[in-house]
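Since the structure comes first, as C-alpha cells, the remarks are kept for the end.
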Amino acid sequence: MSKSKRFKRESTTFEYLPNEICVEIFSYLNGVDTVYAFSSLNLRFQSLINNYVDIFNFKSISKKKFDFVIQHHHNIQQWRSLCLSNNDDTPGQIKLFCQLIPSINYIHQLQSLTILNAQDKDTEKFLLKISSFNNLVSLSIENVCGVSIQSINLPTLQRLTLTSCKYTSWLMNCSSLKSFEYTIAQNCPHEHKLVFPKTLTRLKIYYNEYSDGKNFRKLLRQMSNLKILALFNKSIYSPMPNGKIWEELIKSSLPLLKTFQFYFPYSRYSNSLDDLNTMIESFSTPFYLLEKRWFVRCDRGAKYSYKEFLYSLPFAFPELLIDTPACKTSISTLPAIDINDIKSNYYTKINTLILNEPREEPPIYLLPSNIIYLTVNATLSKNWFYLLKELHYLDIQHGPYMSSNDFAQLLEHTPNLQSLVISTEKLKKFTDDFQHKIVCQYLSERIKSLTITDSDYNYNESNLGYVSIDALSSLARILSSKCEHLSLGIMAKPNTVRSILRRMRQLRSLRIRWSRNFTVLEWLQKQSTDSTALDFVHMNDKQEFFVWFGNRF
C-alpha cells in the first residue's frame with residue numbers, strides 16, 4: 001500500500017460538526033460577525049444563532065453589516081450584551097438603532113450595555129428607558145449629562161464606566177454598584193452634585209482641575225468598603241501632593257484598601273528642591289514602603305522646569321504624558337531593580353503617548369510592542385521611531401517640525417499606522433504639496449481614517465479644517481484604495497465635492513463641516529426607497545453632518 005493511501009484523510013466540513021462545537025466557536029466571535037457569516041445558510045445554523053449568540057458589539061462595523069444583523073437576527077430578546085457607538089466611523093448609530101428597534105422591551109433583558117460617544121437628545125431618551133433593564137449588571141456611557149439621566153434606578157448594576165459632568169446623585173439609586181470608572185467632563189452648566197455610593201469597592205477617576213484631591217478625600221471618608229482606588233489628574237497646575245495626608249485618610253477611613261494608584265502632576269513655580277525632597281519623604285514612610293509596599297516615581301525636568309509628575313508604580317493608566325524634556329533628575333522610592341524587570345512589570349499598561357515637550361531620548365522603560373496611540377505636540381526625535389512599530393493612531397497637533405523626508409522616515413517605521421489626524425498646513429508641508437512620492441505611497445497603502453483639523457495656529461482642536469478643491473482632489477487620488485473614514489471642512493459646491501469623493505471607493509463614513517451657503521439636502525443625491533440601504537445622515541450643532549454609507553454618495 002502506498003504511503004499516500006495509508007494516510008488518506010476524510011475531509012470534514014463545518015456543517016458536519018456537532019452543535020456543541022459550533023456553539024463553542026460562536027462564543028469566540030462577535031455576534032455581528034456570526035450572524036453575518038452564518039445566517040440564512042440553513043435552519044440549523046439559524047436556530048443555533050437565535051438561541052446561543054447573545055453578544056453584539058456594533059462598534060466600527062459597516063452599515064451593511066448593521067442592517068443585515070437588524071434584519072436577520074429575529075431573536076433580539078436573546079441578546080445579553082450590546083455595544084452601540086456614535087464614533088466617526090459609525091455616526092448616528094444609536095439614533096438609527098432606536099428607529100429600527102423602537103421598543104425598548106426588545107432588549108430589556110440585557111446584562112451589559114455600552115453607549116459610546118452619546119451626543120444628542122435621542123440618545124438621552126434611550127438612556128432614560130434603561131431603568132427598565134432589571135438584569136443590567138454592567139453599563140458604560142460616554143458623553144452624557146448626569147441631570148438628563150437623574151431618574152434612572154438600576155438596583156442590579158455592579159459595574160459602571162461613565163464620562164459625565166459632576167452631577168452624579170443618580171448613582172445613589174444603584175444600590176449594588178461595586179466598580180466605578182469615572183471621567184469628569186467640564187462642559188456642563190448645571191449645578192454639581194458629586195457623590196459616590198458607599199457600596200463601591202473599586203473606584204477610578206480621571207479629572208482635570210487645580211486640586212490636591214481635597215474634594216475627593218472628603219467623599220472618600222464615607223467609603224470604607226474601597227479596596228482599589230485610582231486617581232488620574234490631567235491638570236499640570238495643581239499643588240505639590242502630600243503623602244502624609246493620603247496616609248492619614250487611608251488609615252482612618254479606608255481600612256480595606258489594598259491598591260492605591262495615582263498620577264499627580266503639579267507645578268513647581270515656588271517650590272524649592274527641599275520641598276521636593278519633603279514630598280518624596282512623605283511617600284517613603286514605613287506605611288508606604290513596608291506595610292503597603294506602594295512605590296512612587298517623580299519625573300522632573302531641568303532645574304528651571306515647572307512641570308513635574310508624581311505617580312504610583314506599577315504605572316496604572318494607559319496614557320502617559322511626556323511634559324519634561326529629560327528624566328535624568330527623576331527619582332523613585334522603588335528599590336534598586338534591573339531595568340528589564342521595570343519594563344516587564346511596571347509600565348506594561350501604557351499604550352498611549354502624548355508628547356508635549358521635545359525630548360531627544362524616550363523613557364527607557366517603554367515597550368515598543370505596546371504603543372498604539374501617539375499625539376505629537378513637539379518635535380519628534382528619530383530616537384523614538386523604534387517604539388512605533390505597532391502604532392495605529394497618529395495625531396499631529398501644534399509644534400512638531402519636520403521635513404517631508406523626516407515624515408517619510410516616520411512612516412517607514414510605522415508599518416501598522418491606520419489613522420492620521422493632521423492640519424491642512426502640515427499635511428501639505430509633509431507631502432511637499434502632495435508631490436512626495438514616498439510619503440504619498442505610504443499614506444495610500446496604510447491610512448484608513450484621515451481627519452483634517454483646523455489651522456496650527458488655532459488651538460481649538462475640536463474644529464475641522466477646510467481644504468480646497470485642489471487639496472481634496474489630491475487626497476482622493478492618494479487615499480482612494482484604503483481610506484474608509486474622512487473628516488474635513490468644505491466650502492465648495494456640493495456637486496463638485498461629490499464627484500471627487502466618488503473616487504474614494506472604500507469610504508464607509510464621512511464627516512463634513514460645510515459652508516452655511518448650502519443645506520445638507522444639496523450634498524446628498526436622491527436615495528433609494530429601501531430604508532436599510534440608505535446612507536444614514538446625522539447632524540450636529542456645529543454646522544457639520546455625518547454620513548454612514550449604506551448606498552454611496
Side-chain angles (χ1 to χ4, degrees), residues 12-101 106-107 109-117 137-140 142 161 372 390 392-393 416 418-419 446 448-449 481-485 505-509 530-536 547-552:
T12 301
T13 65
F14 188 85
E15 191 170 0
Y16 295 152
L17 295 175
N19 288 346
E20 293 79 7
I21 294 181
C22 291
V23 171
E24 179 70 17
I25 293 173
F26 290 167
S27 69
Y28 289 96
L29 303 175
N30 180 5
V32 173
D33 296 320
T34 306
V35 171
Y36 191 73
F38 296 100
S39 282
S40 304
L41 293 180
N42 56 46
L43 290 177
R44 177 195 172 210
F45 281 128
Q46 191 65 54
S47 177
L48 289 176
I49 289 171
N50 284 338
N51 289 301
Y52 295 102
V53 177
D54 55 13
I55 299 176
F56 287 82
N57 185 349
F58 289 104
K59 180 182 178 182
S60 299
I61 71 163
S62 68
K63 188 171 184 295
K64 182 179 180 180
K65 280 189 177 182
F66 179 86
D67 293 335
F68 185 92
V69 171
I70 298 300
Q71 285 181 302
H72 291 82
H73 195 68
H74 303 298
N75 196 11
I76 294 178
Q77 294 91 336
Q78 183 71 25
W79 294 6
R80 293 291 177 267
S81 177
L82 172 64
C83 175
L84 297 172
S85 171
N86 275 345
N87 291 339
D88 280 349
D89 49 0
T90 54
Q93 184 186 88
I94 302 170
K95 180 179 180 179
L96 180 59
F97 182 87
C98 293
Q99 290 178 0
L100 298 176
I101 312 294
Y106 285 121
I107 54 174
Q109 78 292 336
L110 286 175
Q111 296 176 2
S112 174
L113 175 63
T114 299
I115 302 293
L116 300 176
N117 202 21
V137 175
S138 177
L139 175 63
S140 180
E142 283 184 355
T161 301
I372 304 298
E390 299 298 330
H392 282 54
Y393 306 91
N416 292 295
Q418 299 178 6
S419 177
R446 297 175 188 172
K448 294 183 177 181
S449 175
S481 62
K482 288 282 187 179
C483 189
E484 298 176 356
H485 172 73
R505 298 172 183 172
Q506 304 303 318
L507 272 188
R508 288 170 34 177
S509 62
D530 182 357
S531 62
T532 59
L534 293 176
D535 298 334
F536 187 74
V547 184
W548 190 18
F549 290 112
N551 269 346
R552 284 306 308 274

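For reference, positions follow the sequence shown, starting with 1.
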*Counting only N and O atoms by type, is there a donor-acceptor contact under 3.5 Å from the side chain of Gln418 to the main-chain atoms of His392?*
no
Between the OG1 atom in Thr114 and the CG atom in Leu82, the distance rounded to the nearest 0.5 Å is 8.0 Å
Correct closest heavy-atom pair for Ser85 and Lys59 would be CB-CA, 4.1 Å
Just by distance, do the side chain of Gln111 and the backbone of Ser138 share a donor-acceptor pair under 3.5 Å?
no
* Backbone N/O of Ile94 and side chain of Asn86: donor-acceptor pair under 3.5 Å -> yes
Correct closest heavy-atom pair for Val32 and Asn57 would be CG2-O, 3.6 Å
On a heavy-atom basis, the closest approach of Ile49 and Thr34 is CD1-O, 4.0 Å
* Between Leu113 and Ile107, is any pair of side-chain heavy atoms under 4.5 Å apart? -> no
**Asked** Between Lys65 and Asp33, is there a salt bridge with N-O shorter than 4.0 Å?
**Response** yes
Residues Leu507 and Phe549: closest non-hydrogen pair is O-CD1, 3.5 Å
Parallel under 30°, tilted from 30 to 60°, perpendicular over 60°: which one fits the rings of Phe45 and Phe38?
-> tilted
*asked:* Could you check whether any side-chain N or O of Gln78 sits under 3.5 Å from a backbone N or O of Asn51, counting only pairs where one atom can act as donor and the other as acceptor?
replied: yes
The reported gap from OG in Ser449 to CZ in Arg508 (rounded to nearest 0.5 angstrom) is 10.5 Å
Original post:
So, Asp89 and Ser60: side-chain donor and acceptor under 3.5 Å apart, yes or no?
Top reply: yes
For Phe58 and Thr90 the tightest heavy-atom approach is O-CG2, 4.1 Å
(Q) More than 12 heavy atoms of other residues, nucleotides or ligands under 6.0 Å from CZ of Phe68: yes or no? (A) yes
Self-check item: Side chains of Asn75 and Gln77 in contact at under 4.5 Å (non-hydrogen atoms)
Solution: yes
Taking the side chain as C-beta and beyond, is there a heavy-atom pair between Cys83 and Leu116 under 4.5 Å? yes
To the nearest 0.5 Å, atom CD of Glu20 lies from atom OH of Tyr52 at 8.0 Å
Minimal heavy-atom distance between Trp79 and Leu110, with the atoms involved, is O-CD2, 3.7 Å
Check: Ser27 side chain, Glu24 main-chain N or O, donor-acceptor pair, under 3.5 Å: yes
Side chain to side chain contact (heavy atoms under 4.5 Å, CB included) between Tyr36 and Ile61, worked out: CA-CA 11 Å; Tyr36 191 73; Ile61 71 163; over 6 Å; no
Value for CD (Glu390) from CD1 (Ile372), rounded to nearest 0.5 Å, stands at 6.0 Å
d(Asn30 CG, Phe56 CZ) to nearest 0.5 Å is 8.0 Å
Worksheet entry | Under 3.5 Å: donor-acceptor pair, side chain of Gln109, backbone of Ile76 | yes
Between the CD1 atom in Ile101 and the CG atom in Leu96, the distance rounded to the nearest 0.5 Å is 9.5 Å
